[in-house]
Structure formats: structure tokens, C-alpha cells
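Some notes on the structure that comes next.
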Amino acid sequence: IDFDVVIRNGTVATASDVFAADVGIAGGKVVALGTGLALGRKEIDATGRLVLPGGVDSHCHIEEPAVGQVHNADTFASGTASAAAGGTTTVISFSQQVKGEGITQQLADYHIKAEQALIDYSFHIVISDPSPEVMAALPALIEQGHRSIKIFLTYDSVVLDDEQTLNVLALARQEGALVTVHAENHSAIKFLTNALEKAGLTLPKHHAWAKPMVVEREACHRVIALAELLDVPIQIFHVSGAEAAEEIRRAQNRGLKIFGETCPQYLMLTAEDLNRPNFEGAKFLCSPAPRTRADQEALWDYIRTGVLGIVSSDHAPNRFDDVHGKKVRGTDAPFSAIPNGVPGLATRLPILFSEGVGKGRIDLQTFVAITSTNPAKLFGIHPQKGTIAIGADADIAIWDPNKTVTIRNELLHHQVDYTVYEGVEVTGWPEITLSRGKVVVENGEIRGKPGDGRFLARGPYDAIKPLGRHVTPFDPVSGTLIDN
Ligand code: URP
Ligand code: ZN
Ligand code: ZN
Ligand code: ZN
């Protein structure tokens, strides 16, 4: 074979295996794994390096409409450059429905924006208003390869009630799409926020008081019950601690197809970070709120046992100050006026590698699984993405497992003006990232170009098939009696 690229003398790791091999790449795909491969037109020496599947970040907010003045500093060009700088080669971001508007044009607009991506991408469709018109438009969009829907159980601008949730779940089962859920109890949060504001308790740290674990645990339990009622698999986004994860574990133990995701911020931050001085706590404000040290360790346990199969970034590129240095959040904004979410596309893998593999909490294969293989499987892009195997896209990150880096915002290539990991030391860093065999990032320099990324249309796939298990002798989704 004629190789475009050979990655030589490295240690390849997948979700199941770790082995010494050269990787031969042609036509953007892995075409050979072995020792002593013939010369490639480009040779990359990976001696002493790990050769890993590029990360798949199945939860990141890129180029969404502004919330106030600050939301979404990243474009598809900057967001995907940042992802690649951190060893990620696929992003699944959101097509956000504006309440009262349709979804088809919005999605078309996101497709145009995403043409500036440096790496491959796909979309979850956010449904904030499941009107009859929107529900009628969805099947065609799912058929075109948008096989996942995000719903929110909180935030005024996007919240669905239980009946709307059931309608979306039913449609997803019929059309073959996965529903992913932001699970927090909206009414409870509103009540608590009002009460806190009346008492004058509006600092960033009070965000965690307005969103205690019980509001997340309740919403997880409720949406799992609704999914069970209709026999629909779901994924719960950004599980922040033990009690919410426990709801998922219980559902899984009962055989239900309930999938759970967490994010590095819930493994690294606690509610204490919201109380940093000089309004710095506002930088750490995300939903669900960061919890406790005990929750962090519980989340690692749930990762090890497979209950939480995916760790994504939930990259939310809210700047702290605007591009002119103006304090758009003020220095005393009430927590309810501060946009939620932290940036994290570039730091997701280095943090997980260092804190997970480096500190012995997970092995290398589990690292690959939770950051690449599992999200690729759950969202229907495996084995094209998420592994190093013959025929897979040559989306590869070459890591120096021993390189120690102090995280600085300047290293991250995003357009956010801060990182919650400023000054954190990590060991292990992706030095070279390839997307379909082409170098996108090399030693911190962006080599890829806007437009190199392609849309990943996702076909029907097994992970999201219903169980065929019904609560009553009547299946309310198909409207038929079950004979058994
Ligand atoms: O606080 C968060 N997570 N913001 C991003 C949007 C979301 O809810 O995922
Ligand atoms: Zn969310
Ligand atoms: Zn999110
Ligand atoms: Zn400005």
C-alpha cells in the first residue's frame, strides 16, 4: 500500500487494547496497523508517545445565539481549533431552537456556520417549543442525519413540561433519534431563586443554593420514569454528583437504556469555587452547580463502573469581560443574571488523562472509552469515529504521556478570556492531532483550516433501539395492543 502518513513506533490504545504498532494512513483512513510498515509520504515519529483515537466531544455549545451580551464567544473555527488543540477530533454541538420559531431554517443556518469547522461535526437539535409545526418538521431532519434531540427541564427560554417531554420522547422513538436531557426541576429552581433574592442572597455562591442536588436528582428520576413509560432510551447530560448518578444506576440495574454523562468540571470543581473573591466565583458558575469532594470521588466510581459512560466538555464559551475588556457581567451581578457554563473543549482530555490515568483512577482504555469510543457509539458515528482500526477515519491524537503542562488560557485557542483550570498542572499532553490523516494541530500551532471539517450525518443505529418492554398491555407510542 501507498501510505500518505505513517505514525511510527508509538503505543496505540483503544477502548479495549494497548499495543505497539505503526499506523498506516491513506485516503484519510487507517489502512494498516503493524510493525515495519513501508515508508509514508509523511512520517511521524511516535517513539515514547501514545497514539490515541481523537476525542469525540458530544456536548459543546458553539456559535449559539447570545444570552445577553456574553454568550458564545467561539465560532466553529475557534471552537474546533480549541477542541483539536486538546486532542479532540469530532464535536457534536447544538442547533438551538428559539422559542416560537421553527427548527428547519435554524438548523440550515448552523450548517452554514459549521462549514468553518476545522474538524468533523454533527448536531443535536434542541427542541424548546414542540409545536405541531415543529413536530411535523422533525422527522425529515432526523432522516437527514440529525439523530439526537436535546431537551431542557429548566431555563425559562427552553423548558419543557412533562407532557411536552413525553411528546418529544414518543416522536424520537418513532423516528429513531436519541433524546438527551438537561435534568433540573424548573419550578423548584424558580422558587428557590425568588426566595434567595428576597433575602438579598445573590452572590455567585448562592447559585448552588438555588440549584441543590435534590432538584437535579428529582428531574433525573422523573425523566427516567417518563422514558420508561414510553420505552425510549435517553441520555442525561452533565450528571454533577452521587445522587443523580444513583438514579441512573438504579435505572440501568433494572435493564433500562438510560445513559449518563458527566463533565470535567464536576470532577474538578466544588461549590466552594463559586465563593472565590473579587467576583471570580462567577467564572465557575455552571448548571448543574459544582458539588462536593465526595461527589467528585463518587463520579469517578460511577465512571469506573460504567454507569457514566461519557465525559464531555459542555463547553460554554461565555466571556468574563467582553472583547474590549468591558465588565459585561459587572462585578456584582446577581447569580441569576450570570450566564451558565464554563469553557472546556481544549482542557477536557488533558484534565481527564492527568487526573484519571495519571492518578490511577482509570486505566488508559477507560480513558479512551469515556472520551472517544463511547460517545461515538452512543451517537451513531462508531466505528468511523472513536477508535483506531482498519477502515476508521484517521482521527488521531499523539500524546506525550510524560509532558507536564501548566494550563494557561493562552494555550487553549478558544475566544473565551479565562479557563477554570488556570494554573492547574497536568501530566500528559496531546502534541499532534490529525483529522482524517491531516495534521490539524502540531505542538500548539493550529495547522488545520476552516472548512476542513465535514458534517457527520448519522444513520439509524442499535444503541438507541427501544427495548420492546412496556408498562401496560398498550403501547402508547404506536397506539397498539401488545400481544404476549
Ligand atoms: O451551565 C451550563 N451547563 N451551561 C451550558 C448549557 C447547558 O445547560 O448545557
Ligand atoms: Zn444542559
Ligand atoms: Zn450544555
Ligand atoms: Zn463590546
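Atoms within each ligand, like the ligands themselves, are counted from 1 in listed order. Values below: every heavy atom of this structure, side chains too, minus hydrogens, waters and symmetry copies.
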Please answer whether the main-chain N or O of [Y] pairs with a side-chain N or O of [X] as donor and acceptor at a distance below 3.5 Å.
| X | Y | result |
| --- | --- | --- |
| Thr433 | Ala84 | yes |
| Gln116 | Asp452 | no |
| Gln415 | Asp74 | no |

Is there a side-chain hydrogen bond (donor to acceptor under 3.5 Å, both in side chains) between His221 and Glu218? Walk through the geometry before answering.
CA-CA 5 Å; His221 183 92; Glu218 185 280 333; over 6 Å; no
For ligand 1, does Lys150 get within less than 4.0 Å through its side chain, its backbone, both, or neither, judged by non-hydrogen atoms?
side chain
Structural part of Tyr155 in contact with ligand 1, heavy atom criterion under 4.0 angstrom:
side chain
Tell me the closest heavy-atom pair linking Ile119 and Thr80, and the distance in Å.
CG1-CB, 3.7 Å
Within the 4.0 Å heavy-atom shell around [X], which atoms of ligand 1 are there?
| X | value |
| --- | --- |
| His182 | 7 (C), 8 (O) |
| His59 | 9 (O) |
| Phe152 | 8 (O) |
| Cys286 | 1 (O) |

Tell me, please: is Phe237 in heavy-atom contact with ligand 1, that is, under 4.0 Å?
no
May I ask whether Lys211 places a heavy atom under 4.0 Å from ligand 1?
no
Shortest-distance N, O or S atom of His238 relative to the Zn ion (ligand 2):
NE2
Which is the closest N/O/S atom of His182 when seen from the Zn ion (ligand 2)?
ND1
Counting only nitrogen or oxygen atoms and a 3.5 angstrom limit, does Gly341 reach ligand 1?
yes
Counting backbone and side chain alike, does His59 bring an N/O/S atom below 2.8 Å of the Zn ion (ligand 2)?
no
[Y] and [X] aromatic ring geometry - parallel, tilted or perpendicular at 30°/60° bounds:
| X | Y | value |
| --- | --- | --- |
| Phe123 | Phe76 | perpendicular |
| Tyr266 | His238 | perpendicular |
| Phe353 | Phe367 | perpendicular |
| Phe320 | Tyr418 | perpendicular |
| Phe237 | His124 | perpendicular |

Name of the His61 N, O or S atom nearest the Zn ion (ligand 3)?
NE2
Determine which of the N, O or S atoms in Asp314 is closest to the Zn ion (ligand 3) and give its atom name.
OD1
Among Leu285, Asn340, Thr180, Val342, whose heavy atom sits nearest atom 4 (N) of ligand 1?
Asn340
